[in-house]
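Atom set for the values below is all heavy atoms of this structure, side chains included, hydrogens, waters and symmetry mates excluded. Computed from a predicted structure; not experimentally measured. A note on names: the letters A, B, ... follow the listed sequences, proteins ahead of strands, and every chain is numbered from 1.
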Number of protein chains: 2
Amino acid sequence: MDAQEPKTPTAWRDITPDAARRLVIAAVEAFAERGYHATTTRDIASRAGMSPAALYIHYKTKEELLYQISRVGHLLSLGLLTEARDGAGPPAARLEAAVRAFVRWHAEHHTTGRVVQYELGALGPEHYAEIVDLRRTTEGVIRSIVTDGVAAGDFDVPDVSGTTLAVLSLCIDVARWFNPDGRRTPDEVGELYAGLVSRMVGARTA
Amino acid sequence: MDAQEPKTPTAWRDITPDAARRLVIAAVEAFAERGYHATTTRDIASRAGMSPAALYIHYKTKEELLYQISRVGHLLSLGLLTEARDGAGPPAARLEAAVRAFVRWHAEHHTTGRVVQYELGALGPEHYAEIVDLRRTTEGVIRSIVTDGVAAGDFDVPDVSGTTLAVLSLCIDVARWFNPDGRRTPDEVGELYAGLVSRMVGARTA
DNA sequence: TGCCGCTCTGAGCAAGCGCTTAGCCCCGCC
DNA sequence: GGCGGGGCTAAGCGCTTGCTCAGAGCGGCA
């Protein structure tokens with residue numbers, strides 16, 4: 001377990017002050033490992049190298065920590081997706097690029113991904129609603145690429161809505177099973193999944 | 001919410017005595033709704049219509065309840081899968097049957113499925129090890145069908161291991177997003193997914 | 001009728017939870 | 001050189017948690 005050096009994932013680079021950033025990183029690790037409800041504020045604080053009370057100087061509640069992680073995580077992955085959608089090239093290439101980037105992110109940041117994808121039920125009602133909205137947007141981005149492909153005659157998709165759901169679901173679940181000590185690198189998983197998704201939408205082999 | 005009649009899912013039919021069965025069903029609902037750690041023994045007991053203390057007559061701990069649910073759930077879905085694998089017909093048909101059954105089960109019993117698939121981290125070490133073993137077996141069943149298809153020249157799968165993982169992942173994640181009030185019935189999702197998986201493995205169109 | 005054993009309850013214990021408070025340290029500014 | 005305020009800690013409050021225990025109710029058997 002000593003391979004886990006205390007690197008700062010790029011996601012949290014611009015959180016200040018330093019203590020606040022250490023707290024989010026500690027919270028991500030703890031939430032991903034044990035789940036939100038099984039994680040104590042004492043655990044988060046001690047991982048960040050401070051006393052339990054110090055947490056409350058930077059965050060009002062434990063839930064607010066989860067909310068920040070969830071918000072930033074969703075915005076980042078949504079950004080990757082929109083970038084791919086707005087890129088150049090035919091729908092097939094853009095869908096592959098989107099899947100590659102999305103999957104790569106969920107593998108690379110699989111701890112954050114786990115929190116983002118599987119702990120949102122612990123959010124308070126208004127934060128939950130906000131996150132659900134982001135998720136709907138995310139789904140919309142993939143759907144639009146699929147729709148483009150169908151319209152262009154490049155894809156063969158009988159059920160656009162269902163297939164979109166399945167593609168998104170497949171990519172999201174990477175955060176659950178990905179193991180950095182496993183056989184595949186994030187890039188390799190992204191490549192594999194891009195190919196699988198191409199087949200799912202019946203993309204014309206160029 | 002009154003559409004939720006207190007039916008007895010077939011999975012728990014043969015648990016006796018009656019109170020013990022009511023407790024598992026209550027626990028499945030509660031765990032699926034809020035997660036294992038956010039569920040209190042008082043909540044489970046009151047859903048089952050009894051006092052908190054009564055739970056401990058039938059189960060030693062709250063974790064044992066989770067273990068029973070996890071064990072039975074894994075065995076049931078594993079049974080469906082092996083049945084499909086050992087059925088008649090070419091690999092393509094058997095893979096489709098497996099996916100159809102597995103997905104249908106995870107949609108129909110999506111509450112149980114959620115607990116089975118997403119709460120196993122809360123199991124104690126020895127129970128966890130036992131469940132992980134069942135999961136390896138499950139993966140092996142799908143892999144063997146894929147391998148059969150490749151050997152028969154019916155599938156085009158560059159990466160058997162990775163594709164198997166993706167297929168399993170896709171099916172499992174149904175438990176997370178499936179909504180019984182949504183547009184799709186379990187049968188429809190099973191059908192959709194069987195088609196998508198066929199494409200993923202590059203099955204020869206019969 | 002008397003007794004046993006199974007099921008269940010009311011009351012409650014020890015531990016751990018999220019979070020608060022009072023006060024200390026220390027750095028920058030006048 | 002004094003002081004104000006942000007960052008931090010030790011202590012602990014009020015509450016909930018998983019779980020226990022002594023005893024009540026009751027059906028079946030002798």
Practice prompt. Please report the C-alpha distance between A/Arg34 and A/Asp43 in whole Å, then the side-chain angles of each, then the deciding distance to 0.1 Å, and finally whether the salt bridge (charged side-chain N to carboxylate O under 4.0 Å, His left out) criterion is met.
Written response: CA-CA 11 Å; A/Arg34 310 139 122 80; A/Asp43 183 21; 3.4 Å; yes

Item to complete: Would you give the length of the straight line joining atom CZ of A/Arg176 to atom CG of B/Asp173, rounded to the nearest 0.5 angstrom?
Response: 7.0 Å

Item to complete: Could you grab the distance from atom OH of B/Tyr59 to atom CG of B/Leu66, nearest 0.5 Å is fine?
Response: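 Reported value, rounded in 0.5 Å steps: 12.0 Å.
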
Worksheet item: How close or far is atom C1' of C/dT21 from atom OH of A/Tyr56, stated in whole angstroms?
Response: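 Spelled out: OH on A/Tyr56 to C1' on C/dT21 is 14 Å.
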
Worksheet item: Once you round it to whole Å, what is the distance between P of C/dC25 and CD1 of A/Ile57?
Response: 16 Å

Worksheet item: Around B/Arg104, counting heavy atoms of other residues, nucleotides and ligands shown, do more than 12 lie under 6.0 Å from its CZ?
Response: no

Worksheet entry | Exceeds 12 heavy-atom contacts within 6.0 angstrom, atom CD of A/Glu188 | yes

Worksheet item: Hey, which of these two, A/Met50 or A/Arg42, hits DNA chain D nearer its 5' end, going by closest nucleotide?
Response: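 Nearer the 5' end of the strand: A/Met50.
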
Worksheet item: When the ring planes of B/His127 and B/Tyr67 are compared, do they come out parallel, tilted or perpendicular, using 30° and 60° as the limits?
Response: parallel

Item to complete: Could you tell me from which nucleotide to which nucleotide of DNA chain D, 5' to 3', there is an atom under 4.0 Å from chain B heavy atoms?
Response: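 Answer, 5' to 3': D/dT17 to D/dC21.
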
Item to complete: Look at the side chain of B/Ala54 and decide which nucleotide, out of C/dC8, C/dG10, C/dC19, has an atom nearest to it.
Response: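 Nearest listed nucleotide: C/dC8.
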
Worksheet item: With a 4.0 Å cut-off on heavy atoms, is A/Ser51 in touch with a base, just the backbone sugar-phosphate, or nothing at all?
Response: base

Practice prompt. Hey, which sits more toward the 5' end of DNA chain C by its nearest nucleotide, B/Arg22 or A/Leu55?
Written response: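 The residue whose closest nucleotide sits nearer the 5' end is B/Arg22.
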
